[in-house]
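Note sheet for the following structure.
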Amino acid sequence: MQEESVSLPPKEEFSEWYNDILWRAEVMDVRYPVKGLYVWYPHGFAIRRAVYQILRSLLDRDHQETLFPLLIPATEFMKEAEHIKGFENEVFWVTKGGQNELEVPLALRPTSETAIYPMYALWIRSHADLPIRLYQVVNTFRYETKHTRPLIRLREITSFKEAHTVHRTWEEAEKQVNAAIDLYREFYRKLCVPVIVSKRPEWDKFPGADYTIAIDTVMPDGKTLQIGTVHHLGDHFSMTFGIMFEDEKGEQKYAQQTCYGISERCIAALIAIHGDDRGLVLPHEVAPVQVLIVPVIIGKRREEIMTYANGIRADVEAMGLRVRIDDREIRPGAKYYHWEMRGVPLRLEVGPRDLDGRKVMAVARDGKRSLLNREEIRERVVELLREFNERISESAEGRLRSCIKRISDLGEIGSALEKGVVIVGWCGNYSCAQELEKKTGASVLGSCLDAEMSGEGNCTCIVCGTAGAHALVGRAY
RNA sequence: GGGGUAGUAGGGUAGCCUGGUCCAUCCUAGAGCGUUUGGGACGCUUUGACGGCGGUUCGAAUCCGCCCUACCCCA
């Protein structure tokens with residue numbers, strides 16, 4: 001009874017678990033009085049900072065960070081027909097300045113193509129200006145009418161990393177698309193979050209794109225979460241916004257573009273994929289506290305133990321790790337629970353026994369214990385953190401694999417979808433996809449791009465029986 | 001988008017139909033003091049709520065309206 005009041009609901013009840021862990025682990029406060037807007041607690045924000053630090057460092061290899069305005073004039077926003085159609089029902093508009101009605105209403109960006117591309121038209125003159133690869137991390141606004149959910153479906157996306165690139169040729173832009181996919185794969189590998197890459201069907205691509213590649217993961221309840229998209233924009237936007245350059249022969253040409261984005265859904269995935277009944281489980285790179293030191297103080301040896309613990313702290317700090325001593329006047333067990341909830345990957349316990357034997361007890365977040373010698377702390381801590389990441393990575397990978405089922409019989413698809421996603425043969429036609437979606441309540445996410453998932457050779461459509469390719473079907477968030 | 005159920009202190013509940021009381025209650029949490037400290041310590045003192053806004057009324061947790069939030073079901 002006592003434990004019930006302080007612990008999480010079991011993770012099998014994912015919806016409630018997810019809601020609870022967000023405030024118990026101090027990630028988000030959902031009590032802000034506007035629908036779909038949530039507050040980052042400092043601890044959650046520290047996770048966000050570490051996660052986006054990884055993303056930034058990957059992008060900074062060949063992108064530059066920038067910052068465009070939040071407000072987009074209606075005149076620019078309304079230029080690209082397909083783009084408008086895709087977003088017009090979810091745009092927030094600023095229509096007044098003080099008491100006065102604005103002559104041109106201003107949109108709160110739902111995404112920034114129409115803010116950035118008019119400027120690209122001014123900046124780009126020659127082939128020598130290309131390629132351009134810029135990105136920004138900004139908040140965007142979407143008037144969601146469906147159920148909002150912290151980090152997953154928001155009216156203010158607080159952490160939208162969007163990249164916008166410009167190239168000379170369609171092929172060059174396609175290379176960028178592939179580079180972006182690789183970059184996202186690398187990003188999620190660092191978060192130990194396994195992903196599925198697929199090409200979205202024609203009707204589900206980004207409004208105004210040639211095609212869309214999506215990165216999905218599977219949540220513990222078997223539903224898929226889209227945690228990244230990469231779009232080949234072709235020349236749709238460059239024709240609309242007049243982004244032209246003079247090529248080597250002196251001819252004016254429309255530029256080819258791509259854009260790709262990741263939002264704080266990556267943090268939702270991080271939490272959902274790794275967390276357990278005791279709270280957050282975080283890969284060490286993104287944990288706000290990477291190493292926690294708990295002094296176990298008994299009787300009169302307080303000073304001695306604190307000195308020992310401080311020496312260890314200094315050692316770990318010198319390795320560039322985020323370390324913390326919990327010296328509160330509470331029992332050690334309470335500290336363990338407190339920091340396990342918040343996802344500390346490695347805990348070092350130091351008490352009289354350790355002091356006497358010049359040892360330290362190291363306990364990883366997944367329960368693995370190792371008794372270290374005081375002298376080997378520097379090497380061993382790094383090693384333990386790395387091994388911990390490998391273990392959670394592997395276990396997440398295993399769970400993803402176990403909830404992907406290959407199905408060739410239409411009758412089996414329903415039960416398989418309760419546990420995860422299915423791979424079926426699909427001819428590529430809208431009508432068959434529609435029938436499939438109607439029968440199962442799930443959506444056709446797209447055609448598999450991972451060789452190991454699509455398998456060898458061709459197959460036949462599960463609906464109509466004609467020749468097709470492997471497609472991914474799942475219940476999506 | 002449509003429907004259902006619910007919201008009472010940090011968490012869990014009673015009360016609501018049939019408006020009124022002096023102390024709601026259990027587990028915690030916060031503040032204070034003391035004893036403690038190798039997996040959620042204990043004792044004592046104390047603080048704390050009726051999801052929000054408006055209406056009806058002498059009086060609202062309770063009745064009415066709108067909104068917000070959560071969970072479930074259907075499109």
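Quick note: numbers below take in every heavy atom, side chains included, and nothing from hydrogens, waters or symmetry partners. Computed from a prediction, not measured in an experiment: that's the story for all the values here.
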Inset, instruction - Output the single nucleotide from B:G39, B:C71, B:G38 whose closest atom is nearest the side chain of A:Val296. - result: B:G38

Inset, instruction - Report yes if the ring of A:Tyr336 lies under 5.5 Å from the six-membered base ring of B:G39 with planes under 30°, and no otherwise. - result: no

Inset, instruction - Using a 4.0 Å heavy-atom cut-off across all strands, classify A:Gly36 as base, sugar-phosphate, or nothing. - result: sugar-phosphate

Inset, instruction - Check whether any side-chain nitrogen or oxygen of A:Arg353 sits under 4.0 Å from OP1 or OP2 of B:G38, and answer yes or no. - result: no

Inset, instruction - Check every atom of B:G38, B:C72, B:G40 against the side chain of A:His147 and return the nucleotide holding the closest atom. - result: B:C72

Legend entry - Nearest to side-chain heavy atoms of A:Asn19, which nucleotide of B:G38, B:U37, B:A70: B:A70

Inset, instruction - For B:A31 and B:C50, measure between their C1' atoms and round to the nearest Å. - result: 24 Å

Inset, instruction - Determine: side-chain N/O of A:Arg331 to OP1/OP2 of B:G39, distance under 4.0 Å, yes or no. - result: no

Inset, instruction - Using the closest heavy atom to pick a nucleotide of RNA chain B for each, name whichever of A:Asp354 or A:Pro150 lands nearer the 5' end. - result: A:Asp354

Legend entry - Among B:G10, B:U37, B:C71, the nucleotide that comes nearest once only the side chain of A:Trp23 is considered: B:G10

Inset, instruction - In whole angstrom, give me the gap between the C1' atoms of B:C44 and B:U8. - result: 28 Å

Inset, instruction - Using a 4.0 Å heavy-atom cut-off across all strands, classify A:Arg328 as base, sugar-phosphate, or nothing. - result: nothing

Inset, instruction - For B:G40 versus B:U45, give the span between their C1' atoms, rounded off to a whole number of Å. - result: 24 Å

Inset, instruction - Could you tell me whether the side chain of A:Arg347 has a donor or acceptor atom within less than 3.5 Å of a complementary atom in the base of B:G39? - result: yes

Legend entry - Span that lies between the P atom of B:C16 and that of B:C64, in whole angstrom: 15 Å

Inset, instruction - Mind checking A:Glu340 for me? I need base, sugar-phosphate or nothing, with any heavy atom below 4.0 Å counting as a touch. - result: base

Inset, instruction - Check the angle between the aromatic planes of A:His231 and A:Phe206 and answer parallel, tilted or perpendicular using the 30° and 60° thresholds. - result: parallel

Legend entry - Watson-Crick or G-U wobble mate for B:A49, both contacts under 3.5 Å: none

Legend entry - Base-pairing assignment for B:C71 (Watson-Crick or G-U wobble, both under 3.5 Å): B:G4

Legend entry - Inter-nucleotide C1' distance (B:G2, B:U62), Å rounded: 30 Å

Inset, instruction - Could you work out the separation of B:C53 and B:U69 based on their C1' atoms and round it to a whole Å? - result: 15 Å

Inset, instruction - Please figure out whether A:Arg149 or A:Met361 has its closest RNA chain B nucleotide nearer the 5' end. - result: A:Met361

Inset, instruction - Could you measure between the two P atoms, the one in B:C17 and the one in B:A6, and give it in whole Å? - result: 15 Å

Inset, instruction - For nucleotides B:C63 and B:U25, find the distance between their P atoms and express it as a whole number of Å. - result: 23 Å

Inset, instruction - Would you mind telling me which of B:C72, B:G38, B:G40 lies closest to the side-chain atoms of A:Tyr337? - result: B:G40

Legend entry - Contact check, side chains of A:Arg200 and A:Leu445, non-hydrogen atoms, under 4.5 Å: yes

